[in-house]
Amino acid sequence: MQTTPKAQEPTPHAPHRRSWLRRTLALSQKEALASSTMTATSDNFFNAYAIFLNASLSQMGWVAGLPQLFGALAQLITVWWASFFHRKAFIVVLATVQAVIIFAMGILAFWSDSTVIWVFIALAVLYHSCMNLIQPHWRAWMGSIVPERRRGTFFASRTRLTMMASLGVFFGGGAILTVTDDHQVTWLGFFLMFLVAAGGRLVSAHFLKQMHDPELSKPTEPRVFVQTLHQFRAAWSDKVFRQYSLFVGCMQMMVAISAPFFAVYMLEVLDFTYLDYVLSSVASILTQFLTLRFWGRFSDQFGNRLVMIVTSCMIPSLPLLWLFSDNFAYILSIQMLSGLAWSGFTLSTANYLYDIRPFRSDFATYAALQASLGAALVFVGAMVGGQIAANAENLLSVTWLGHWIAEPIFVVFLTSSVLRAGVTLWFVPRSVEPKIRPRPKFLTVVFRIARFNAISGVALDWMTVAKRKTNAVNPPSDSDNKPSEN
């Protein structure tokens, strides 16, 4: 007599797993709020703080470029270095170190020596290095514990929390700095801001320590760094990927020529209050958030190549528009246009990279190589911008440009616009419409907005959440159905 099979009973460990998973996900949401105090400060007030510390125009280039360069190097070595430690301990220790670094930055507000800016630059290098060492392992940690069916909802909720907290800190910081500046104690405003940011990161480290990591230990893999370099070499041999990487990296380099100097122009030349500076920046940030979904649907319908071309044609005009008026409403409109362009550019270039990599290859390798190249070129661009800014006044005095350029800093903006246009003209005829592989559509991809910056766009970390298809003829690769782990 045939018996009906019994329903499979849950394993003895299932209730325990549900318990630590529920607790860990709740702690992760709290950690997002805490860490936002740090990222909102670092991404949006570092340039303003450097100006307060009397950074010269050439030093502003170092402020923008050197931390990015070391951040790129950190991304290249993080997988190898972290292989000698437990993942959670590695992340918690570096998060704590970041808190100490942020606090040390705040202490510099009391220091009036001319060398203080170089100390700040050194601390910024350490800060960005820690961030880039942490990021791949945090992403792998979250990807390994968040259930696939909940990943989209979880990270969407986390992004909303991060956005609200970051904007709150951004507005609060601008208000504090405006009040303290009116009372000629701006140093106190910056110290309080960095104190809150450091405290938030310490709380973040505490929550990270309490979270569960199923990967309790990690064996040492001394050859993983060499293997990674071999993967980079193989990826670079792909012509389409190489041209794409050069395009994105060179565009970032040309943007870096002018990026540090928008804060200088607003705070020093236009004499904006810190609150005005925040409001103009928020106009760009909110536009980026609000238009991501529009660009996602547009790219699904017309392709990422078209979005890249449209937005890369918009981006060269952005610095040029600053030359025509100093009206506050006009500047807000420029910032909104900037947000529209950067949200489409960031999203389309991320999707385009996914499409052009060889099928079944490791997406993380391609993403890491492109990000590292971009960061290195950002350093070059920032250095060039610093030198142009430092010598712009002399250039205007001895050339015909002085007759129609009102401010020396406009030379930087004009140079950046021309070079951005050159990069676009080089790439457009070389761009190809890739053969679209089976990939998640926009609404089934988690775009975790890790950070935002008013000038250079939102920083996206993304994890696919598509389910494996049961089609035996053309099954998707594993790399298309799981989050990147590097």
Engineer: For the rings on F272 and Y277, is their centre-to-centre separation under 6.0 Å?
Structural biologist: no
Engineer: At their closest point, which heavy atom of H212 faces which heavy atom of T24, and how far apart are they?
Structural biologist: N-OG1, 3.0 Å
Engineer: Any side-chain heavy-atom pair from L419 and I257 closer than 4.5 angstrom?
Structural biologist: yes
Engineer: Which distance, rounded to the nearest 0.5 Å, do you find between the CG of L337 and the CG of L332?
Structural biologist: 12.5 Å
Engineer: Would you tell me whether R420 and S258 have side-chain atoms, one donor and one acceptor, within less than 3.5 Å of each other?
Structural biologist: yes
Engineer: Any side-chain to backbone donor/acceptor pair from H206 onto L202? Under 3.5 Å, distance only.
Structural biologist: no
Engineer: For the pair E31 and R201, find out whether any cationic side-chain nitrogen is under 4.0 Å from an anionic carboxylate oxygen.
Structural biologist: yes
Engineer: Stepwise, does the side-chain contact (heavy atoms from CB on, under 4.5 Å) test hold for I51 with E268?
Structural biologist: CA-CA 8 Å; I51 294 169; E268 296 279 287; 3.5 Å; yes
Engineer: Strictly distance-based, threshold 3.5 Å: is any side-chain N or O of S284 a donor or acceptor partner for the main-chain N or O of S338?
Structural biologist: no
Engineer: Among T291, T287, V255, which one satisfies side-chain contact (heavy atoms from CB on, under 4.5 Å) with W342?
Structural biologist: V255
Engineer: As an exercise, state the distance from CD1 of I101 to OG of S42, rounded to the nearest 0.5 Å.
Structural biologist: 11.5 Å
Engineer: Specify whether F170 and F45 have parallel, tilted or perpendicular ring planes, treating 30° as the upper limit for parallel and 60° as the lower limit for perpendicular.
Structural biologist: perpendicular
Engineer: Roughly how far apart are D182 CG and Y274 OH, rounded to 0.5 Å?
Structural biologist: 11.0 Å
Engineer: Check the pair F194, F103 against side-chain contact (heavy atoms from CB on, under 4.5 Å), reporting the backbone distance first and the verdict last.
Structural biologist: CA-CA 6 Å; F194 282 98; F103 179 74; over 6 Å; no
Engineer: Given 3.5 Å as the limit, does a donor-acceptor pair link the side chain of S343 with the main chain of L340, or not?
Structural biologist: yes
Engineer: Using side-chain heavy atoms (C-beta onward) and a distance below 4.5 Å, is N54 in contact with S114?
Structural biologist: no
Engineer: When you measure from the side chain of T178 to the backbone of G174, do you find a donor-acceptor pair of N or O atoms at a distance under 3.5 Å?
Structural biologist: yes
Engineer: Indicate the atoms forming the closest heavy-atom contact of A198 with I102, along with that distance.
Structural biologist: N-CG2, 3.4 Å
Engineer: Show the numbers, then the answer: is there a side-chain contact (heavy atoms from CB on, under 4.5 Å) between W111 and W187?
Structural biologist: CA-CA 9 Å; W111 194 353; W187 58 268; over 6 Å; no
Engineer: Is D181 close to T273 at the side-chain level, that is, under 4.5 Å between some pair of heavy atoms?
Structural biologist: no
Engineer: How far apart are the C-alpha atoms of Q288 and L292, what are their side-chain angles, what is the distance that settles it, and do they pass the side-chain contact (heavy atoms from CB on, under 4.5 Å) test?
Structural biologist: CA-CA 6 Å; Q288 291 174 61; L292 269 177; 5.9 Å; no
Engineer: Hey, does I107 have a side-chain heavy atom less than 4.5 Å from the side chain of F191?
Structural biologist: yes
Engineer: Short question: side chain of S312, backbone of T424 - any donor-acceptor pair under 3.5 Å?
Structural biologist: no
Engineer: Could you tell me whether the side chain of N44 reaches within less than 4.5 Å of the side chain of I285, counting heavy atoms only?
Structural biologist: yes
Engineer: Run the ring-centre check on F46 versus Y127 and record whether the distance is less than 6.0 Å.
Structural biologist: yes
Engineer: Minimum heavy-atom separation for A341 and M314, please, with both atom names.
Structural biologist: CB-CE, 3.8 Å
Engineer: Looking at every heavy atom in both A32 and T162, which two are closest together, and how far apart are they?
Structural biologist: CB-OG1, 3.8 Å
Engineer: To the nearest 0.5 Å, tell me how far L373 CG sits from L246 CG.
Structural biologist: 6.0 Å
Engineer: S245 side chain to R242 main-chain N or O, any donor-acceptor pair under 3.5 Å?
Structural biologist: no
Engineer: So, does K88 use its side chain to make a donor-acceptor pair with the main chain of K209 at under 3.5 Å?
Structural biologist: yes
Engineer: May I ask you to test the L108-Y49 pair for a side-chain heavy-atom distance under 4.5 Å?
Structural biologist: yes
Engineer: Is there a side-chain contact between L275 and L177 in this structure, where contact means two heavy atoms from C-beta onward sitting under 4.5 Å apart?
Structural biologist: no
Engineer: Taking the six-membered ring for Trp, are the ring centroids of F247 and Y352 within less than 6.0 Å of each other?
Structural biologist: no
Engineer: Quick one: are M211 and W141 in side-chain contact, heavy atoms under 4.5 Å?
Structural biologist: yes
Engineer: Keeping S417 on the side-chain end and L320 on the backbone end, is there a donor-acceptor pair under 3.5 Å?
Structural biologist: yes
Engineer: To the nearest 0.5 Å, tell me how far L73 CG sits from S372 OG.
Structural biologist: 8.0 Å
Engineer: Considering all heavy atoms of both residues, which atom of Q98 and which atom of I134 are nearest to each other, and what is their separation?
Structural biologist: OE1-CD1, 3.8 Å
Engineer: Please check if the distance between the ring centroids of H128 and F70 is under 6.0 Å.
Structural biologist: no
Engineer: Do any N or O atoms from the side chain of Q68 and from the backbone of A375 form a donor-acceptor pair under 3.5 angstrom?
Structural biologist: no
Engineer: Looking just at side-chain N and O atoms, do Q59 and S56 make a donor-acceptor pair shorter than 3.5 Å?
Structural biologist: yes
Engineer: When rounded to the nearest 0.5 angstrom, what distance separates NE2 in H137 from CG in L94?
Structural biologist: 9.0 Å
Engineer: What heavy-atom pair brings S58 and A390 nearest, and what distance separates the two atoms?
Structural biologist: CB-CB, 4.2 Å
Engineer: Under a 3.5 Å distance rule, please check whether S348 uses its side chain to pair with a backbone N or O of F345 as donor and acceptor.
Structural biologist: yes
Engineer: Can you spot which of F410, Y330, F262, F261 makes a ring-ring contact (aromatic ring centres under 6.0 Å, His included) with W322?
Structural biologist: F262
Engineer: Return yes if a side-chain donor-acceptor contact under 3.5 Å exists between S325 and N327, otherwise no.
Structural biologist: no
